[in-house]
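Okay, so here's the structure we're looking at.
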Protein chains: 2
Amino acid sequence: MDNHNEEIVPEMCKVTDALGILVGKWKPVILLHLLKNGTQRFNELKRSLPGITQKMLTNQLRELEEEDIIERKVYAQVPPKVEYSITDYGTSLEPILHAMHVWGTNHTIHKQTKRNNQAEAK
Amino acid sequence: MDNHNEEIVPEMCKVTDALGILVGKWKPVILLHLLKNGTQRFNELKRSLPGITQKMLTNQLRELEEEDIIERKVYAQVPPKVEYSITDYGTSLEPILHAMHVWGTNHTIHKQTKRNNQAEAK
DNA sequence: TGGTATAGTATAAAAAAAGATACTGTGGAA
DNA sequence: TTCCACAGTATCTTTTTTTATACTATACCA
């Protein structure tokens, strides 16, 4: 048995680092859109994200690009054309997003069940 | 082949819901402490979390309790004694926290590598 | 000639999250 | 008698995040 047990030591925990990349009101949805639909132009994304402002979209995309999760490709055209896509490295996030989605789905059920139980216990 | 493919539809995505539970500057660390050390008293936790204010700790604990992730047990004593622990249900978060930790750890390396490559490319 | 689409930037304001600080009541120890 | 530990509350201030709004340049179309 080798000695790299996988216990997380809170003091050197990287969970927050990982979270930092996912957090932001719009980042998960942006990632899911890019994962599902592949390469997208700026305004395509914008139309898929009702309510987002251009500034927010730009911000979130830049932050994801900074982390090497997505790629930004600018075409030298007028009017401008900019395409966004998930990098190969970025796809390594997919299992986590998926796990969170599954957990989140179950959690909504869990909470509903709990509420019902509490209601009938009165 | 059955028809429940697990593709995440962004429109009905629960990732944000799951994230909402983990987000908060202190929640992941609190959870990791409780997972690692088991039941803890309020001030034990506080001492383990250098820099946290009582208000923040109380807040985060109440929010986690609200989601049924942790349990709060009050002893009718003076001075007061309150114990916090992960619920059985709460442990279902462990794989996700673990996955995020592993991903986060790798990500720090990834970024370092990228920086080095960029530096030597100049 | 005016209007539209593109991918943004700039600035300010509002809202949410986090932090600082002071306060509570009570039993036991010094 | 004063002080400490306990598990919090109550306010107030600061910081961060998000939103709202207006503005840019240029090609194309009618």
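Each chain gets a letter, A, B and so on, in the order the sequences are listed, and its residues count up from 1.
- The shortest distance between the side-chain N/O atoms of A:Arg41 and the OP1/OP2 oxygens of C:dT6 is not below 4.0 Å.
- A:Ile52 has its CD1 atom 14 Å from the C1' atom of C:dG8, to the nearest Å.
- Protein atom CG of A:Asn59 is 15 Å distant from nucleotide atom P of D:dT16, rounded to whole Å.
- Protein atom CD1 of B:Ile30 is 11 Å distant from nucleotide atom P of C:dA18, rounded to whole Å.
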Please list each protein N or O that sits under 3.5 Å from an N or O in nucleotides 11-17 of chain C, with the distance.
unit_1, atom_1, unit_2, atom_2, d
C:dT11, O4, A:Lys55, NZ, 3.4
C:dA12, N6, A:Lys55, NZ, 3.4

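- Residues B:Asn116 and B:Glu120 have side chains that never bring a donor and an acceptor to within less than 3.5 angstrom of each other.
- Under the rule for a salt bridge (Lys or Arg N to Asp or Glu O under 4.0 Å), B:Glu66 has no partner lying at least two apart in sequence or in another chain.
- The side chain of B:Thr58 has D:dT9 as its nearest neighbour among D:dT9, D:dT19, D:dA7.
- Within the structure, the salt bridge (Lys or Arg N to Asp or Glu O under 4.0 Å) test picks out no pair touching residues 37-60 of chain A (sequence neighbours left out).
- For the pair A:Leu45 CG and C:dA7 C1', the interatomic distance rounds to 12 Å; values are reported in whole Å.
- In this structure, B:Asn43 places its CG atom 5 Å from P of D:dA7, rounding to the nearest Å.
- With sequence neighbours left out, B:Lys81 forms a salt bridge (Lys or Arg N to Asp or Glu O under 4.0 Å) with B:Glu83.
- The line from CG of B:Asn59 to CG of B:Leu64 is 10.5 Å long, rounded to the nearest 0.5 Å.
- The interatomic distance linking B:Glu44 (CD) with D:dA7 (P) rounds to 8 Å, in whole Å.
- Interface residues of residues 60-87 of chain A facing DNA chain D, ordered by number: A:Val78; criterion, heavy-atom separation under 4.0 Å.
- The side chain of B:Arg47 contributes an N or O atom lying less than 4.0 Å from OP1 or OP2 of D:dC6.
- With a 4.5 Å cut-off on side-chain heavy atoms, A:Lys111 and B:Asp68 do not count as touching.
- Annotation: ring-ring contact (aromatic ring centres under 6.0 Å, His included) contacts involving residues 41-91 of chain B, sequence neighbours excluded, comprise A:His107-B:Tyr89, A:His110-B:Tyr89.
- When rounded to the nearest whole Å, the span between CG of A:Leu57 and C1' of D:dT17 equals 16 Å.
- Side chain of B:Gln54, nearest nucleotide from C:dG19, C:dG8, D:dT9: D:dT9.
- In this structure, A:Lys46 atom NZ and D:dT19 atom P are separated by 13 Å, rounded to whole Å.
- Closest of all the heavy-atom pairs between A:Ala18 and B:Trp103 is CB-CE3, 3.9 Å.
- Looking at B:Val29 and A:Val15, their side chains never come closer than 4.5 Å, going by heavy atoms from C-beta outward.
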